[in-house]
Colleague: 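Dumping the structure here so I can ask a few things about it.
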Amino acid sequence: MPELPEVETTRRGLLPLVGHVVQSVTIRHPRLRWPIPSHLPQTLPAMTLNGLRRRAKYLLCDFSGETGAGILLLHLGMSGRIQLLDDAYPAEKHDHFDVAFVGGQVLRLRDPRRFGAVLWLEGAEDDHPLLASLGPEPLEDGFHAKYLQQALVNKTLAIKNAIMDGHVVVGVGNIYASESLFRSRIHPETPANSLSLKQCEKLVAEIKLTLNEALNAGGSSLRDFFGTNGLPGYFQQNYFVYARTDEPCLVCGRPIKTMRLGQRSTFFCSHCQKARVKS
DNA sequence: CGAATCTCCTGGAGGC
DNA sequence: TGCCTCCAGGAGATTC
């Protein structure tokens, strides 16, 4: 379950590939969330990787060559991981996709549950349906309290579901939704449009803080993250509520509660997070 | 429109 | 040991 910090950590880990030229592409199991484009082994070789960007949880790899240009879009789904190998040692069971570069380095996608994606975009990425209507990046200045409150107008759904909606803000997954709401002392069921501006300020600040902490943890474990036995940064984090059902709240000591919200497990402290406001 | 539900997939945990 | 069921979850697709 890579969240935004893991995707960003992955991006940084792959930066050494920028400037390198593709040697070959191997597709072992094309059926991810969508089929991996079958033309990639013909299209990508001889192209140069010009840059690596991230939008939401998508990795955007900019390629160009004499035959054209495009963006290789990668998504890790919930079990995906990208490794940067010094050479193409034998692939294991869930290693579905390789991009080998001149010089021997290999970008390898492993994704047991195959919720991830490998797509090829040509033309302006903003026109692509997956990217066109995304909300702001949570760590950028465009995500602020007034924006959030405005984005939640007319939304009566639970705030936890609202901040996990990529049209409101991208990159807040199930873990950090629960965590940032606890840290904001907002009950996850609170109707989204009932948050005060002050609550929006607090929530925005805590989302940024939580993600930045995870990013720092991920960054510090970069080597491990790319190793075979490494744990992603988020496993190193200490959570206030996530996956701590019945354990004592780290603030008040009462047992952490869990509930289903939008088909997702949700963790909170019923004492520290005030019951939802009736509207 | 908004909101809720369904869906993809496999590994791991728990029950018997 | 083996088999079964349940659960985890990102986010687009579908339905109401």
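A note on names: the letters A, B, ... follow the listed sequences, proteins ahead of strands, and every chain is numbered from 1.
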Colleague: Just to confirm, is there a sub-4.0 Å distance from OP1 or OP2 of C:dA11 to any side-chain nitrogen or oxygen of A:His75?
Modeller: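 Yes, within the criterion.
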Colleague: Has A:Lys155 got a side-chain N or O lying under 4.0 Å from the OP1 or OP2 atom of B:dC1?
Modeller: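 A:Lys155 to B:dC1 OP1/OP2: no side-chain N or O under 4.0 Å.
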Colleague: Other residues, nucleotides and ligands only: do more than 12 of their heavy atoms fall within 6.0 Å of CD on A:Glu66?
Modeller: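 Count not over threshold, so no.
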Colleague: Please give, in whole Å, the distance from C:dA8 P to A:Met259 CE?
Modeller: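 So the two atoms are 14 Å apart, to the nearest Å.
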Colleague: Measuring from the side chain of A:Asn174 (C-beta onward, heavy atoms only), which nucleotide among C:dG10, C:dG12, B:dG11 has the closest atom?
Modeller: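 The nucleotide sitting nearest to the side chain is C:dG10.
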Colleague: With respect to A:Phe63, which candidate in A:Asn50, A:Thr43, A:Val22, A:Val21 satisfies the side-chain contact (heavy atoms from CB on, under 4.5 Å) definition?
Modeller: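 In the set A:Asn50, A:Thr43, A:Val22, A:Val21, the residue that makes a side-chain contact (heavy atoms from CB on, under 4.5 Å) with A:Phe63 is A:Val22.
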Colleague: Here's a test of your reading of the structure: between A:Asn154 and A:Arg264, which maps to the more 5' nucleotide of DNA chain B?
Modeller: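 It is A:Asn154 whose nearest nucleotide is closer to the 5' end.
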Colleague: Would you mind reading off the distance between A:Leu4 atom CG and C:dA11 atom C1', rounded to a whole angstrom?
Modeller: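 Computing the A:Leu4:CG to C:dA11:C1' distance gives 15 Å.
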Colleague: Within this structure, what is the CZ-to-C1' distance between A:Arg55 and C:dA11, rounded to whole angstrom?
Modeller: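 Computing the A:Arg55:CZ to C:dA11:C1' distance gives 15 Å.
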Colleague: Determine, for A:Arg28 against A:Asp95, whether the closest basic-nitrogen to carboxylate-oxygen distance falls under 4.0 angstrom.
Modeller: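 Salt bridge absent between A:Arg28 and A:Asp95.
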Colleague: From the set B:dC9, C:dG12, B:dT10, return the single nucleotide nearest to any side-chain atom of A:Phe115.
Modeller: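 Of the candidates, B:dC9 comes closest.
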Colleague: Look at A:Ser265 and C:dG9 and indicate whether a side-chain polar atom (N or O) is within less than 4.0 Å of OP1 or OP2.
Modeller: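 Affirmative; the distance criterion is met.
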Colleague: Would you say A:His167 places a side-chain N or O within less than 4.0 Å of OP1 or OP2 belonging to B:dG2?
Modeller: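 For A:His167, the contact criterion (side-chain N or O under 4.0 Å from OP1 or OP2 of B:dG2) is not met.
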Colleague: Take atom CE of A:Met78 and atom C1' of B:dT7, then tell me their distance rounded to the nearest Å.
Modeller: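 Rounding to the nearest Å, CE of A:Met78 and C1' of B:dT7 are 15 Å apart.
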Colleague: Does A:Arg185 qualify as a cation-pi partner of A:Phe182, given the criterion of NZ or CZ under 6.0 Å from the six-membered ring centre and within 45 degrees of its axis?
Modeller: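 Yes, cation above the ring, under 6.0 Å and within 45°.
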Colleague: Grab the CG-P distance between A:Leu261 and B:dA3 for me, whole Å please.
Modeller: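 Computing the A:Leu261:CG to B:dA3:P distance gives 13 Å.
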Colleague: Can we say A:Glu179 and A:Arg183 salt-bridge, meaning some charged N sits less than 4.0 Å from an Asp/Glu carboxylate O?
Modeller: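 Judged by the 4.0 Å cut-off on N to carboxylate O distance, A:Glu179 and A:Arg183 do not form a salt bridge.
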Colleague: Using a 4.0 Å heavy-atom cut-off, does A:Leu32 contact any base of the nucleic acid, only the sugar-phosphate backbone, or nothing at all?
Modeller: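 It contacts nothing in the nucleic acid.
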Colleague: Let me spell it out: for each of A:Phe267 and A:Tyr58, pick the nucleotide of DNA chain C with the closest heavy atom. Which residue's pick is nearer the 5' end?
Modeller: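 The residue mapped nearer the 5' terminus is A:Phe267.
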Colleague: Can you tell me the distance, in whole Å, between the CZ atom of A:Arg260 and the C1' atom of B:dC6?
Modeller: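 From A:Arg260 CZ to B:dC6 C1': 13 Å.
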Colleague: Side-chain N or O of A:Tyr242 less than 4.0 angstrom from OP1 or OP2 on C:dG9?
Modeller: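 Result: yes.
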Colleague: A:Arg114 CZ to B:dT7 C1': how many Å, rounded?
Modeller: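 That distance rounds to 14 Å.
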Colleague: Please determine whether a side-chain nitrogen or oxygen atom of A:Ser79 lies at a distance below 4.0 Å from atom OP1 or OP2 of C:dA8.
Modeller: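 Result: no.
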Colleague: May I have the distance from A:Gln263 (atom CD) to C:dG10 (atom P), rounded to whole angstrom?
Modeller: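 My rounded result for the distance is 13 Å.
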Colleague: What's the closest nucleotide to the side chain of A:Thr156 if the choices are C:dG10, B:dA3, B:dC9?
Modeller: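 Per side-chain heavy atoms of A:Thr156, the pick is B:dA3.
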Colleague: Tell me whether the count of non-hydrogen atoms from other residues, nucleotides or ligands lying under 6.0 Å of NZ in A:Lys208 goes above 12.
Modeller: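 Enclosed: over 12 neighbouring heavy atoms sit under 6.0 Å from NZ of A:Lys208.
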Colleague: At under 4.0 Å, does any side-chain N or O of A:Tyr176 touch on OP1 or OP2 of C:dG10?
Modeller: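 Result: no.
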